[in-house]
Every structure is written in C-alpha cells, then in structure tokens.
Amino acid sequence: MLSVAVLISGGGSNLRALLEAASDPGFPARIVAVGADRECGGLRHAERFGIPSFTVPYPRFATRDQWGDELAAQLDVWQPDLIVLSGLMRLLPTGLVARYAPRIINTHPAYLPEFPGPHGVRDALAAGATQTGASIIVVDEGVDSGPIIAQERVPVLPGDDEHTLHERIKPVERRLLIDVVRRYATAS
Ligand code: GAR
C-alpha cells in the first residue's frame, strides 16, 4: 500500500477529493498525513477524515532552508512513499526536493509548460488564451518545470473570470491526481 503525504496552503478541495478516493478500501494508496505552511481550511478535511496533520508556518523561520528542514522532519515521521503538493503555494527549498525527488508531485491549474508559477489561472486569462488546462508534474528544483505526468486541456469560456475558470479546472485536476496516485500505487 502506497503511503502518501499531502501538502496544502488553502481550502484543500483537491485534497478532499483525494481523501474521499482513498477512503475506498479498494484504493491502493492511503493518506498518512496532511501538512500545511499556514493555518488553512484544508486542514479541516484532514480532521474530518481522521488523518493526522501538521503545520510548519513559513514566517516562523529565518530562511527557506530552515523552514524546509522542519518540513522534512515532519514528513519523515510518516515515511511517505509519495508527497503530493496539492495547492502548496510555496516553493520548496532545493535540499528538500533533493531529499525526496522524484517522489514529490505537484498539481498545477494550467497546461504546463504554459503559465507556470503561482497565478496559472490569472495568467492564462491575461494572455487571452482560449484554452488552458490542468497538469500533474514531478517536482524538480525549478518553478513548475519538472516532467509532466498527466495533463488535460480545459477551455476558457467567454465571460470567464479567475474564479469560474479555476472552478472548471479543479475537477479535472482531481480526476488526474487520483488517477496518477493510483498509477504510482499499482506500479510500486
Ligand atoms: C489547485 O488548483 C492547485 O493546482 C493550485 O492551487 C489550487 C488548490 O486548490 N496550485 C497552484 O497553483 C500551485 N502553483 P484547493 O486548495 O481547492 O485544492
């Protein structure tokens, strides 16, 4: 059984979908812990599913590396086979990436390599794109630059704003993420 730790920063709707999938006894992976870089709504999903959680607040550390060291220490407790960044809005320090690579994956609300970075949805709209997408990638030292594992196009519709477009992308992300985790689990 593949053990998965999930890192979040926000509402955690994709985390919730993964928790729901993993609560099916037939699902080949289990979520062992949820971590966050701040107090956020997504931690409540972990609580509801009875999954342990931890918070490593970024501002409490003098450097990104020190924050990453504490995050690694928390992750090590759970010995995850796979780490899923599901809306973690913080660049991981290179030391942490090197420690776990290639076992860290990230969801991104755009069709990478288009529109990397923290505002993938906003940037697609600003560019006047008629289609964008959802991607799951392996995390490397860069910003959304790692190998693409799964991706799918999502149309931009007339009248879309950042919220409506993002809400249309997220269900695609969820489906891809659950499928990718299942694939990792059955391959391991
Ligand atoms: C998701 O769309 C995820 O891809 C994105 O944050 C959202 C989290 O939503 N991540 C990034 O933009 C990372 N660059 P959620 O908190 O509702 O799951």
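Atoms considered below: every heavy atom in the structure, side chains included; atoms not considered: hydrogens, waters and symmetry mates. None of the values given here were measured: they were computed from a predicted structure.
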Just so I know, are the side chains of [X] and [Y] near enough to count as touching, which here means a heavy-atom distance under 4.5 Å?
| X | Y | value |
| --- | --- | --- |
| Arg48 | His45 | yes |
| Glu47 | Ser53 | no |
| Pro57 | Arg38 | no |
| Leu43 | Thr55 | yes |
| Arg153 | Val172 | no |
| Ile105 | Ile83 | no |

At what distance, to the nearest 0.5 angstrom, does [atom1] of [X] lie from [atom2] of [Y]?
| X | Y | atom1 | atom2 | result |
| --- | --- | --- | --- | --- |
| Leu7 | Leu75 | CG | CG | 5.5 Å |
| Leu157 | Leu165 | CG | CG | 8.0 Å |
| Leu71 | Asp65 | CG | CG | 12.0 Å |
| Ile31 | Ser86 | CD1 | OG | 9.5 Å |
| Thr94 | Arg64 | OG1 | CZ | 10.0 Å |
| Ile8 | Asn14 | CD1 | CG | 10.5 Å |

Shortest non-hydrogen contact from [X] to [Y]?
| X | Y | result |
| --- | --- | --- |
| Leu19 | Ala46 | CD1-N, 4.1 Å |
| Ile169 | Gly133 | CG2-O, 3.5 Å |
| Trp67 | Val56 | NE1-O, 2.8 Å |
| Ser145 | Asp140 | OG-OD1, 2.7 Å |
| Val180 | Ala150 | CG2-CB, 3.8 Å |
| Val139 | Val97 | O-CG1, 4.0 Å |

- Query: For the side chain of Thr164 and the backbone of Asp160, is there at least one donor-acceptor N/O pair under 3.5 Å apart?
  - Reply: no
Is there a path of hydrophobic side-chain contacts, each under 4.5 Å between heavy atoms of I, L, V, M, F, W or Y residues, that connects [X] with [Y]?
| X | Y | result |
| --- | --- | --- |
| Ile178 | Val34 | yes |
| Leu88 | Val84 | no |
| Tyr184 | Val4 | yes |
| Ile137 | Leu96 | no |
| Val121 | Val156 | yes |

- Item | By salt bridge (Lys or Arg N to Asp or Glu O under 4.0 Å) - contacts of Arg175 (at least two apart) | Glu152
- Task: With sequence neighbours excluded, tell me which residues meet salt bridge (Lys or Arg N to Asp or Glu O under 4.0 Å) with Glu167.
- Result: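 Result, salt bridge (Lys or Arg N to Asp or Glu O under 4.0 Å) vs Glu167: Lys170.
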- Query: Can Ile51 and Val32 be said to form a side chain to side chain contact (heavy atoms under 4.5 Å, CB included), step by step?
  - Reply: CA-CA 7 Å; Ile51 306 296; Val32 292; over 6 Å; no
- Quick one: which residue pairs count as a ring pair (Phe, Tyr, Trp, His ring centres under 6.0 Å) with a foot in residues 77-117, not counting sequence neighbours?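 Output for this query is empty, none listed.
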- Which pairs, with at least one residue in residues 90-111 and sequence neighbours excluded, count as a salt bridge (charged side-chain N to carboxylate O under 4.0 Å, His left out)? Asp37-Arg90, Asp76-Arg99
- Sequence neighbours excluded, every pair satisfying side chain to side chain donor-acceptor pair (under 3.5 Å) that has a member inside residues 128-138: Ser135-Gln151
- Message: My understanding is that only one of Leu82, Val138, Leu92 makes a side-chain contact (heavy atoms from CB on, under 4.5 Å) with Ile104; could you say which?
- Response: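 Looking at Leu82, Val138, Leu92, the match for Ile104 under the side-chain contact (heavy atoms from CB on, under 4.5 Å) is Leu92.
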- After noting the C-alpha distance and the side-chain angles of Asp81 and Ser3, does the key distance pass the side-chain hydrogen bond (donor to acceptor under 3.5 Å, both in side chains) rule? CA-CA 5 Å; Asp81 299 313; Ser3 62; 3.2 Å; yes
- Show the numbers, then the answer: is there a side chain to side chain contact (heavy atoms under 4.5 Å, CB included) between Ile149 and Leu176? CA-CA 9 Å; Ile149 315 168; Leu176 294 178; over 6 Å; no
- Do other residues, nucleotides or ligands put more than 12 heavy atoms under 6.0 Å from the CZ atom of Arg60? no
- Run the side-chain hydrogen bond (donor to acceptor under 3.5 Å, both in side chains) check on Glu70 and Gln74 step by step: do they pass? CA-CA 6 Å; Glu70 178 57 24; Gln74 295 287 338; 2.8 Å; yes
- Could you tell me whether the side chains of Arg174 and Thr107 share a donor-acceptor contact shorter than 3.5 Å? no
Distance-only check: which donor-acceptor pairs under 3.5 Å involve side-chain atoms of residues 22-30, not counting sequence neighbours?
residue, atom, partner, partner atom, Å
Ser23, OG, Glu20, O, 2.7
Asp24, OD1, Gly26, N, 2.7

